[in-house]
Amino acid sequence: MRFSIKTVVVAVLMAALAMSHFVLQAKLRMQIRAFEEKEEERESLEDPLERQLVDSLTTGDLLGTNPYYMILVDKVVTPANPEMFNGWAKMLAELDDSSPSAFVDCEFHLFRFREGRDYTIFAVIVREDRCVKVMWIGAEIKPV
């Protein structure tokens, strides 16, 4: 069997292309793995910091003095979004044995942080940049 030079060149180029594709895929997988490892490390450092922050909050604390506070907050619910705010106010009022009208001029800062495989959810009730109350809302328990 005779092969023309064009056939040999095309075969070599196809082999080189296949090898370069394999190498690029391997590099991409390594970059993705490195990114995921860094993300897990960042989360493992952030979760204890967030837990310490929530544990250290007491009534009357000025939240603007802590530079990490707003970075760690997952969600802020304000009266500017009445539907969501009223839902949260009603739920927090039930947990606190008070009325939703007690939270009219407040904001709810929500924290969701990991404890092992599970998540714990807290709400910090804020009025005029001061902590009014820290409330445990619930937990998300992941199956094993």
Sorted by first residue and then second, give each ring-ring contact (aromatic ring centres under 6.0 Å, His included) pair with at least one member in residues 11-37; sequence neighbours left out. none

Common cluster, [X]/[Y], ILVMFWY with side-chain heavy-atom separation under 4.5 Å:
{"X": "Val124", "Y": "Leu62", "answer": "no"}
{"X": "Val104", "Y": "Trp88", "answer": "no"}
{"X": "Met91", "Y": "Val132", "answer": "yes"}
{"X": "Met135", "Y": "Val73", "answer": "no"}
{"X": "Trp136", "Y": "Leu92", "answer": "no"}

Pick out which of Val126, Leu57, Val134 makes a side-chain contact (heavy atoms from CB on, under 4.5 Å) with His109. Val126

Would you give the length of the straight line joining atom [atom1] of [X] to atom [atom2] of [Y], rounded to the nearest 0.5 angstrom?
{"X": "Ile125", "Y": "Glu107", "atom1": "CD1", "atom2": "CD", "answer": "12.0 Å"}
{"X": "Thr58", "Y": "Lys133", "atom1": "OG1", "atom2": "NZ", "answer": "13.5 Å"}
{"X": "Arg112", "Y": "Ile137", "atom1": "CZ", "atom2": "CD1", "answer": "12.0 Å"}
{"X": "Asp61", "Y": "Tyr69", "atom1": "CG", "atom2": "OH", "answer": "10.0 Å"}
{"X": "Thr78", "Y": "Met84", "atom1": "OG1", "atom2": "CE", "answer": "9.5 Å"}
{"X": "Leu24", "Y": "Arg29", "atom1": "CG", "atom2": "CZ", "answer": "10.5 Å"}

Do you know which two heavy atoms are closest between Ala93 and Pro100, and how far apart they sit? CB-N, 3.5 Å

Shortest non-hydrogen contact between Cys106 and Pro79, atoms and distance: O-CD, 3.5 Å

Rest of the hydrophobic cluster containing Val9 (Ile/Leu/Val/Met/Phe/Trp/Tyr, side-chain heavy atoms under 4.5 Å)? Ile5, Leu13

Hydrophobic cluster partners of Val10 (side-chain heavy atoms under 4.5 Å): Met14

What is the ring orientation for Phe85 with Phe108, classed by angle as parallel under 30°, tilted 30 to 60°, or perpendicular over 60°? parallel

Evaluate whether atom CD of Glu128 has more than 12 neighbouring non-hydrogen atoms of other residues, nucleotides or ligands under 6.0 angstrom away. no

Do the side chain of Asn86 and the main chain of Pro82 share a donor and acceptor less than 3.5 angstrom apart? yes

